[in-house]
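Positions are given from 1, in the same order as the sequence printed here.
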Amino acid sequence: MREVAIERGRAEERYQYMIQGTQSLDTLAEIQGVPASSESTKNIDNVSDDAPDNGWEDVTLPDVPDHTLEQALRDAVDSRYHSRVYADKRTWRQRIRRLHLNWEPLLPSLTDAYLIWKYNAPPAMAPDVEVTLDGRDTQNYDFTIDVVDIFTLNTQVTIRQATTSNSVAKSLVCQGYLGATPDQPTIALSLRTLDLFLKIKKRKPSFSVDAFAKVLCDVYSVPFRRRYRDALSNAFDAYLGILRMVDKRIAKELGCDGENWRVLNACPPCTYELEDEQPLRFSRMIVVNGNNSLKRVKLTGERTIGDDRTFEESDYYLSQDYVDRYAHEVKSRPCRDKQDVPDAPAPDSPPDAPTPSLNDVTDDPQSGDPTDGVPTVSGAPPCAENWKAAAADANKKMWAIFEEAGIFASCCRHGLILWIMDMLRSGELAKYPLALVAKALAVLPPAWLLGYDIGCIFKGTIERSSLGPLFREKQFQNHPNVIEGMGLEDLETLERVFSSSNQLGGVTRYMSRYRRCVFIDMFFQQWDAEKYENLATMLYNNYVQALRIIEREAPELEKSKVYFNIQPGDLAKWRSEELEHFSTLGQEPEEDILKITYVELLIQLREINAKHQKAHHQFLLSTPQDAASDTYANALSQTRKRETERRYTSERQDQLTRDVIQLEAKLGITTRWDFSSDKFHDALQYMTERKYHQALDKLQKLVVQRLFELHKLNLNYTAYSMRSHIAKSLQSRCNAIRNAVAAYNAAALALNPPKPTLDWSHVSHYTFLEEFNILRDTRHDIQQKPWAQLVIREIMKQDLKVQRAREELIRCNVEIRRLHTAIVDEHNLFSELLPKIQMTNSCIYGAVNDFVTYRRHVNNHLLNKIHRIYSLRGYTGTSTPGTKK
């Protein structure tokens, strides 16, 4: 210690002489007429061979020019101008990078200091302790610093720095403070203040650093300044780094630090399989979806990113390199028809206005979205095309100004998050769900079920990707209510997750990428903690719901079956008919389409024959003029035009004749239909009715959409912006309905006998679909089908609901016992590990004990709820824990 004190003293002396300069002292002595002081020529760094080494060691220094003296002289000369201040020439990126590099090596020691302060703080060093080093006592190492403490409202504290301390930051943490910078901090925040902000942030994600800094300023009755916010932000970053290191140490002590440990163990009802449990059809249910609320604006112009740090300490995020492996599995393709896109340019936009598409903002224009995996555009279901159009519309509103356009996430049916990823400069591309499927195939056990809002078409995308050989889709029914083994799960879990995570959107919009990821990771950690606390409540509610359905619906179902004489196999048969109907809805028999085409070709052929005969007759009857006359040139031009028209009609006639012959061969027609034949008239009538039905189908679609929008407009908790958007959509929809009504009336009058026409003033006031009686006359008239009858349909839905409720009871019985067993085993593990950790006298014991105490409180709450489930009337499961596989 004595050597350290001597070195500090010599360094201070050397610094003073460097600033003053020995030559300046000699010159001043000559001017004053006094001999120069020997101190001015004293060799501070005497490294001659005969000089005492005093414990110093010769070190070869790098050949770096020393500008210290030059800078000191410049400061001395410019000290006459007191208003002159030299600006820091470092860029913001350099400052942040240097700050991060200075914090990083200190985090392990700061973590130790934090644990000692919080769990095993030694008594403070008394001021009268005398430890002298070269004539100085330890009080010379103490320092005073400005602090912020919302609990004590202290403005300054004196930090007792031990002689063994090699870091100001560590000395601060040892006494409950954390500096805004690791080296030479001018302000520090108490750890209790930072912990308060963390707790508020977890419970209220929209609460920003800026808001808390202003709260602190209000508490201290000082005006808000930006440097206070920066100091809070920097200190909070370092505090989170300390807590993350504490969490890693706790996980290591408890054996929870393996790769993918959280995904494989965080949700006991999904993962804690038991030896004698009833097998489930699906081992795990997971849902995936994208959300564009957590956007982040990218820099514009020539501005560079200041904070280029990357957050790689989260086990929620999949790396971008991993996601990009599947970037070219699917190529982008346009929508089926431009007119099919609901959100095409507005009617008042210029005719040549381009329609924005997904590729306008996509980072890789060749990357496709999840609906692009179908072999042909015509093979895509209408729902896929509608989804594509909706995605294109979302990107139109993005204007390509966002670096991250949102997140793509996955979670289990109980709400615990599996993985998330950022959607970079793009919408919901296929690579995001494909990456999640690949990760699930690699990590999760087999027989899991994937829920996606476009699963009907994404199934084909997976099968045609490199994941196809590993993926086998067994379900062809896409609605959860008709999938056997689903229970009462609606696969809408992520909608509830995003409803909560949207609170982060206001504070992450202009953050750096690093801090955005930090806050998103913090949010999902808190989300998972809350979902774990509510696992038993969720299972209790599901169990009560299933029991209530069986108790109320099952007897009524049996009575309805008896009353309507429904046999055991009728409901299943009607469901098959319903499925077949909807699978072919919108499709026409190929023979009918060929007959329509054949009739259209016959009509065109007759018209072209008449044109050809007329052109040929005019060409033959044209009289040549005298070559010397003035009209010869004009006559020559007319002759060439007639010859051109004759040749065109002749070629067109030949082409149509070939097409007619091909269709006749395909339809097996041996004698060409005459315009007076019955078959021709039947086909012509079918064409007229077809146009009528097409006009009616389009009108029906628009009316149904309008009714849904009116319903949404009147729902509670619909935000003002959403109401405004719906109102504008209704206005556009009304114009479309007006045009559809006009097209319908024209098609209705062309029928024989004509159909009744519609009045726009009446259609615009319809509020229930039942009021639109004309819609019952659609092409696919299903009113006479048994499964289309209202009473039978209610019975079918009731039957499905009872089946799913019974399946839910089976799944809940398994999951409740899994949770019970996991809690018991975890309690035994804690009882075994805690004494061992305590015997090591490690500073991590306090943190582990805190975690165990909190976890046991949560588990006790879960056990109380589990015992309430056991006491339910109608509980059919086992009331004792089992044995893990």
Side-chain angles (χ1 to χ4, degrees), residues 281 381-384 386 451 453-456 475-492 542 545-589 693 696-712 714-715 763 766-809:
R281 182 178 179 87
C383 60
N386 295 337
D453 52 6
I454 52 169
C456 53
Q475 294 294 335
F476 58 94
Q477 309 272 5
N478 299 299
H479 196 281
N481 290 344
V482 298
I483 299 179
E484 183 181 352
M486 277 290 297
L488 298 176
E489 179 59 40
D490 59 358
L491 299 179
E492 294 290 340
N542 283 20
Q545 180 187 9
L547 288 176
R548 188 172 299 157
I549 291 174
I550 295 174
E551 181 181 358
R552 296 179 180 179
E553 304 285 346
E556 295 180 2
L557 176 63
E558 295 302 324
K559 291 180 182 179
S560 300
K561 288 181 178 179
V562 173
Y563 183 82
F564 290 98
N565 194 24
I566 299 176
Q567 301 304 317
D570 289 345
L571 293 178
K573 182 183 69 174
W574 293 338
R575 275 195 293 270
S576 300
E577 292 179 359
E578 181 185 17
L579 174 63
E580 183 180 0
H581 167 76
F582 284 107
S583 63
T584 59
L585 186 64
Q587 300 178 6
E588 297 180 73
H693 287 302
L696 183 57
D697 289 344
K698 183 177 181 180
L699 181 58
Q700 179 184 12
K701 171 186 173 183
L702 293 174
V703 170
V704 171
Q705 288 177 342
R706 180 177 180 274
L707 292 178
F708 277 124
E709 288 167 348
L710 284 172
H711 175 68
K712 179 68 175 178
N714 294 312
L715 284 180
V763 174
Y766 287 156
T767 55
F768 297 97
L769 193 59
E770 287 79 3
E771 299 180 24
F772 206 173
N773 295 326
I774 195 70
L775 297 183
R776 299 178 182 175
D777 193 26
T778 56
R779 175 173 61 241
H780 298 277
D781 189 7
I782 57 176
Q783 296 297 318
Q784 303 305 320
K785 298 287 186 181
W787 53 267
Q789 303 299 321
L790 180 60
V791 177
I792 301 299
R793 290 196 59 78
E794 290 299 322
I795 294 175
M796 293 172 62
K797 289 192 295 184
Q798 198 174 43
D799 180 61
L800 288 174
K801 186 185 296 185
V802 171
Q803 290 184 31
R804 300 292 86 81
R806 291 188 174 124
E807 293 170 358
E808 184 68 25
L809 290 182

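Here the closest non-hydrogen pair linking Arg806 and Ala554 is NH2-CB, 4.1 Å. Across Ser560 and Ile566, no two heavy atoms sit closer than the pair O-CD1, 4.5 Å. For Gly485 against Arg281, the heavy-atom pair with the smallest separation is CA-CD, 3.9 Å.
For Gln545, the side-chain hydrogen bond (donor to acceptor under 3.5 Å, both in side chains) test picks out no residue, with sequence neighbours left out. The side-chain contact (heavy atoms from CB on, under 4.5 Å) check on Arg552 picks up Arg548, with sequence neighbours excluded. Listed by chain and residue number, nothing satisfies the salt bridge (charged side-chain N to carboxylate O under 4.0 Å, His left out) test with Asp570 (two or more places apart in sequence, or in another chain). Every residue meeting the side-chain hydrogen bond (donor to acceptor under 3.5 Å, both in side chains) condition with Glu553, not counting sequence neighbours, appears here in chain and number order: Gln798. Remark: Glu808 engages Arg413, Leu488, Asn542, Ala546, Cys812 in a side-chain contact (heavy atoms from CB on, under 4.5 Å) (not counting sequence neighbours). Applying the salt bridge (charged side-chain N to carboxylate O under 4.0 Å, His left out) criterion to Lys797, with sequence neighbours excluded, gives Glu794. Under the rule for a side-chain hydrogen bond (donor to acceptor under 3.5 Å, both in side chains), the partners of Gln803 that lie at least two apart in sequence or sit in another chain are Asp799. For Lys801, there are no salt bridge (charged side-chain N to carboxylate O under 4.0 Å, His left out) partners, not counting sequence neighbours. For Glu492, the side-chain contact (heavy atoms from CB on, under 4.5 Å) partners at least two apart in sequence or on another chain are Asp490, Glu495, Arg496.
Panel note: side chain Glu489, backbone Leu491; a donor-acceptor pair is recorded below 3.5 Å.
Expressed to the nearest 0.5 Å, how far NZ of Lys561 lies from NZ of Lys559 amounts to 14.5 Å. Note that CD of Glu807 and CD of Glu484 are 6.0 Å apart. Values are rounded to the nearest 0.5 Å. Taken from CD1 in Ile550 to CG in Leu557, the straight-line distance is 11.5 Å, to the nearest 0.5 Å. Expressed to the nearest 0.5 Å, how far CZ of Phe564 lies from CD1 of Ile795 amounts to 5.0 Å.
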